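One structure below.
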Amino acid sequence: IVYRLDRVARSLSILLETLELLNNYGVGYISTQEAIDTSTSFWRAMVWIIWTFAELERALINERTQEGIKRSQQKGIWTKKKYGYDIVKGRPVINKKEASVVKDIFHLFGWKNRKSSCWIYKKYSISQIIQQLESDKIQRPGTSRLGKNIFLWEDNTIRKYLADEAYIGKYYYKKTQNTKKGNKHKTEYRDKSDRILSDIPHDPIIDEETFWKVQERLQEMRIGSSRG
């Protein structure tokens with residue numbers, strides 16, 4: 001007994017093979033949400049019909065999702081909150097407290113000497129930035145004040161912020177995609193050429209000079225780690 005067909009398998013061929021195997025061993029299949037009972041002679045036809053309509057439903061949902069993304073793009077609506085911004089009526093508004101933390105992260109990673117306006121690379125490593133945030137009692141995003149380890153930031157979070165062009169006023173839609181390898185589903189970042197840049201700008205937190213200098217250092221770190 002299962003809840004629905006799509007809880008058993010993600011493709012019709014695998015589903016039919018599974019049900020056939022169960023049937024060969026005298027094991028019946030009953031769905032609580034669909035009128036399927038493999039103890040009858042019409043179960044294969046019913047599975048095919050129900051699965052076809054399920055595929056159609058998924059296609060329609062995907063179309064509506066894409067249409068929603070397109071409408072959001074045209075209006076400059078953010079579909080997800082980012083640290084450093086609040087969402088007001090779908091549009092980003094700088095959160096001064098969080099934006100100050102974002103600036104600190106960028107400036108600690110790639111520090112600009114105010115007197116000479118020269119960049120000093122490798123001032124703080126990612127781990128040193130995490131230590132500094134913990135020392136300053138900066139609460140990690142997504143944590144409750146009553147929770148544990150609320151000041152312990154994660155390496156990936158810092159790297160994600162340092163590479164996010166939203167902080168220089170550029171917001172992309174369709175940044176990620178769901179891929180399937182075997183039976184495993186994975187969310188991956190799309191190539192930049194496949195993303196959609198919003199036509200409506202928003203207030204930046206980081207200046208472009210700072211941002212792109214930081215990208216240079218991130219690239220240097222990636223090259224260094226790949227060499228071993």
Side-chain angles (χ1 to χ4, degrees), residues 76 78-88 91-145 147-177 186-198 200-228:
W78 280 26
T79 56
K80 187 177 181 181
K81 183 190 182 311
K82 289 183 178 290
Y83 189 77
Y85 293 94
D86 293 324
I87 305 297
V88 179
R91 292 288 295 149
V93 176
I94 290 179
N95 179 311
K96 292 183 179 180
K97 184 177 180 180
E98 293 180 356
S100 177
V101 177
V102 172
K103 289 178 181 179
D104 285 344
I105 291 172
F106 273 84
H107 294 161
L108 288 170
F109 186 73
W111 182 66
K112 190 175 184 180
N113 187 308
R114 293 182 180 179
K115 293 183 178 179
S116 65
S117 295
C118 295
W119 274 84
I120 300 176
Y121 289 97
K122 301 180 180 179
K123 179 174 176 61
Y124 272 43
S125 65
I126 300 294
S127 60
Q128 287 175 322
I129 292 174
I130 291 173
Q131 291 171 8
Q132 184 64 55
L133 293 172
E134 184 177 5
S135 175
D136 292 341
K137 302 297 182 184
I138 303 298
Q139 186 172 338
R140 178 164 51 93
T143 59
S144 168
R145 288 186 177 275
K148 296 181 179 180
N149 300 322
I150 63 173
F151 303 122
L152 182 59
W153 287 59
E154 296 178 351
D155 183 285
N156 287 340
T157 300
I158 303 298
R159 292 177 185 274
K160 183 176 70 174
Y161 290 175
L162 290 171
D164 197 337
E165 290 184 51
Y167 294 127
I168 56 171
K170 297 180 180 180
Y171 185 81
Y172 287 91
Y173 296 92
K174 298 180 70 175
K175 288 183 68 174
T176 60
Q177 62 183 347
K186 186 179 180 181
T187 300
E188 297 179 340
Y189 280 97
R190 296 177 185 269
D191 186 87
K192 195 171 181 179
S193 60
D194 296 327
R195 304 174 187 178
I196 301 174
L197 177 63
S198 174
I200 302 178
H202 61 274
D203 292 332
I205 293 175
I206 303 298
D207 64 89
E208 292 209 20
E209 181 190 15
T210 299
F211 182 84
W212 293 116
K213 287 290 185 181
V214 164
Q215 303 319 298
E216 290 178 15
R217 187 178 170 202
L218 285 172
Q219 181 62 20
E220 290 174 1
M221 291 173 64
R222 283 191 285 267
I223 294 173
S225 62
S226 65
R227 289 175 177 173

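Just so you know, these numbers come straight off a predicted model, no measurement behind them. Below, all heavy atoms of this structure are taken into account, side chains as well, without hydrogens, waters or symmetry copies.
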Original post:
Going through the distances and angles, do Arg140 and Phe151 end up as a side chain to side chain contact (heavy atoms under 4.5 Å, CB included)?
Top reply: CA-CA 5 Å; Arg140 178 164 51 93; Phe151 303 122; over 6 Å; no
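With Thr143 as the fixed residue, the side chain to side chain contact (heavy atoms under 4.5 Å, CB included) test singles out one of Ile150, Leu152, Asn149: Ile150.
Summarising the geometry of Gly84 relative to Ile205, their closest heavy-atom pair is O-CD1, 3.6 Å, with the distance given to 0.1 Å. Contact detail for Ser198 and Gly76: the closest heavy-atom pair is OG-CA, 3.9 Å. Contact between Ile206 and Phe211 at its shortest, heavy atoms only, is CG2-N, 3.9 Å. Looking at every heavy atom in both residues, Arg91 comes nearest to Ile200 through NH2-CG2, 3.7 Å. Of all the heavy atoms in Ile87 and Pro92, the pair that sits closest is CD1-CA, 4.4 Å. A pairwise comparison of heavy atoms in Trp78 and Ala166 identifies CH2-CB, 4.3 Å as the closest pair.
A distance of 4.5 Å separates CD in Gln219 from CZ in Arg222, rounded to the nearest 0.5 Å. Taking OG of Ser127 as the start and CD of Gln132 as the end, the distance is 12.0 Å to the nearest 0.5 Å. In this structure, the separation between NZ on Lys160 and CD on Glu154 is 9.5 Å, given to the nearest 0.5 Å. Note: Ile105 CD1 to Tyr124 OH = 13.0 Å, rounded to the nearest 0.5 Å. To the nearest 0.5 Å, the span separating CD1 on Ile130 from OG1 on Thr157 amounts to 8.0 Å.
In this structure, Phe109 and Arg217 have side chains that are in contact, with non-hydrogen atoms separated by less than 4.5 Å. His202 has its side chain out of reach of Lys170: every pair of non-hydrogen atoms, C-beta onward, lies at least 4.5 Å apart. For the pair Ile158 and Leu133, the minimum side-chain heavy-atom distance is below 4.5 Å. Side-chain atoms of Tyr85 and Asn95, non-hydrogen and from C-beta on, never get closer than 4.5 Å to each other. Looking only at side-chain heavy atoms (C-beta outward), Asp207 and Thr210 come within less than 4.5 Å of each other.
A salt bridge does not link Glu98 to Lys82: none of the charged side-chain nitrogens sits closer than 4.0 Å to a carboxylate oxygen. Using a 4.0 Å cut-off between a side-chain N of Lys or Arg and a carboxylate O of Asp or Glu, Asp155 and Arg159 qualify as a salt bridge.
A donor-acceptor contact shorter than 3.5 Å links the side chain of Gln215 to the backbone of Leu162.
Under the 30°/60° scheme for interplanar angles, the aromatic rings of Phe106 and Tyr167 are found to stand perpendicular.
When the ring pair (Phe, Tyr, Trp, His ring centres under 6.0 Å) test is applied to Tyr83, the partners found at least two apart in sequence or on another chain are Trp153, Tyr161.
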